[in-house]
Amino acid sequence: MMQQPGPGGAMLPQQPPPPQQYQQPPYMMMMPPPPMAQTQPPPPHMWAQHQAHQASIPPPQQQQGQGQPPATADEVRTLWIGDLQYWMDENYIASCFAHTGEVASVKIIRNKQTSQIEGYGFIELTSHGAAERILQTYNGTPMPNGEQNFRLNWASFSGGDKRDDSPDFTIFVGDLAADVTDFMLQETFRAHFPSVKGAKVVIDRLTGRTKGYGFVRFGDESEQLRAMTEMNGAFCSTRPMRVGLASNKKAVVGQQYPKASYENPQPQNDGDPNNTTIFVGNLDSNVMDDHLKELFGQYGQLLHVKIPAGKRCGFVQFADR
DNA sequence: AATGAGCGT
């Protein structure tokens, strides 16, 4: 359990303490030795670098002090956090939001064998509103003492807010300048293409720095296609972008999360040792039975391939496992 | 130059 603000003089709406955190980083003591020579030690400097996050989002009218409504049992209040470096442990993450007084718990996922931080974790807040606030306020803003931005999202199995089943049409964007963020990339495209759903700049997890490329997702296929020609060479930040088709034609096998790509299909089963049928989801609308036959035929003898009419998923049955 | 990862007890 993290430190909570007391139930609080219920009468007195209190402002959270000024963002004067990190005066004594408790986790400096707890930093594990670099587990491997090639991983970089945390930058040992600049605690105060946390620049004020965009002040554009006014705090919701909900006041801190007047007793948070007790979170109901099923209230969604867990965020996912990613792109973590190995030294970003629970204490560090908690300290990033400690001044909000709204952190209930933090769990960073570690490798079972090595106990190395896997690069993501979960932040439970005291309420759904708190989670939403922190997501809106911090996502994409610089992490304190990290040369990277927060990557936050709703924890997916907690329900989250967005349930968007519509397909994505994704492009690859290369040649990105070092300062390009998800938001910049997204807005650069959204200015011309309203169907832009989001963008992601790929971050090297070991360094926290951009890999110089990313992806932009469109809701509208025609905008995706236009963007590939019209935006090639357009500037984002200081450099012209190179735009191309995202090579991942994103057929995903399984349901909730991509387990395999179109290029790298990984049959997945439900634990039934006799099941020789795999499910293929997220197909582009123009994918036909024959595409699946060709794609999966190289892995074994096929008995049957079926994409039900009008569906964006299908089934591939093999003669054996 | 480079074509992600990112959901736990």
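Chain naming here is simple, since letters A, B, ... match the order of the sequence lines and numbering starts at 1 in each. From a predicted model like this one, the values you see are computed outputs, not experimental measurements.
Of the candidate nucleotides dT3(B), dT9(B), dG4(B), dT9(B) has the atom nearest to the side chain of Lys107(A). In the set dG8(B), dA2(B), dG6(B), the nucleotide with an atom closest to the side chain of Arg242(A) is dA2(B). Among the nucleotides dT3(B), dA1(B), dG8(B), the one closest to the side chain of Thr78(A) is dG8(B). Closest to the side chain of Trp80(A), from the set dA1(B), dT3(B), dC7(B), is dC7(B). For Ala155(A), taking side-chain heavy atoms from C-beta onward, the closest of the listed nucleotides dC7(B), dG4(B), dA1(B) is dC7(B). The side chain of Ile109(A) sits closest to dG8(B) out of dG8(B), dA2(B), dC7(B).
Between Tyr120(A) and dG6(B), no base-stacking contact is recorded for ring centres under 5.5 Å apart and planes less than 30° from parallel.
Counting only distance, with no hydrogens or angles, the side chain of Thr137(A) and the backbone of Ile134(A) share no donor-acceptor pair below 3.5 Å. Within the 3.5 Å criterion, the main-chain N or O of Arg217(A) finds no donor-acceptor partner in the side chain of Gln224(A). When atom types are taken as modelled, the side chain of Lys197(A) and the backbone of Pro167(A) share a donor-acceptor pair closer than 3.5 angstrom.
At whole-Å resolution of the value, CG in Asp204(A) and C1' in dA2(B) are 12 Å apart. Look at CD on Gln148(A): it is 13 Å from P on dG6(B), rounded to the nearest Å. Going from atom CZ of Arg239(A) over to atom C1' of dA2(B) covers 11 Å, rounded to whole Å. One atom, NZ of Lys211(A), and another, C1' of dG6(B), lie 13 Å apart when rounded to the nearest Å. Taking atom CG of Asp83(A) as the reference point, atom C1' of dC7(B) lies 14 Å away to the nearest angstrom. Protein atom CD1 of Ile81(A) is 18 Å distant from nucleotide atom P of dA5(B), rounded to whole Å. In this structure, Leu176(A) atom CG and dG4(B) atom P are separated by 14 Å, rounded to whole Å. Whole-Å rounding puts the Arg151(A) CZ to dG4(B) C1' distance at 9 Å.
Note on Phe122(A): a base of the nucleic acid sits closer than 4.0 angstrom, heavy atoms only. Within 4.0 Å of Gly82(A), counting heavy atoms only, lies no atom of the nucleic acid at all.
Between Glu118(A) and Arg110(A), none of the side-chain N atoms (NZ, or NE/NH1/NH2) sits under 4.0 Å from a carboxylate O, so this pair counts as no salt bridge.
Sorted by first and then second residue, the salt bridge (Lys or Arg N to Asp or Glu O under 4.0 Å) pairs involving residues 225-235 of chain A (not counting sequence neighbours) are Arg226(A)-Glu230(A).
A syn orientation is assigned to dG4(B), its glycosidic angle lying within 90° of 0.
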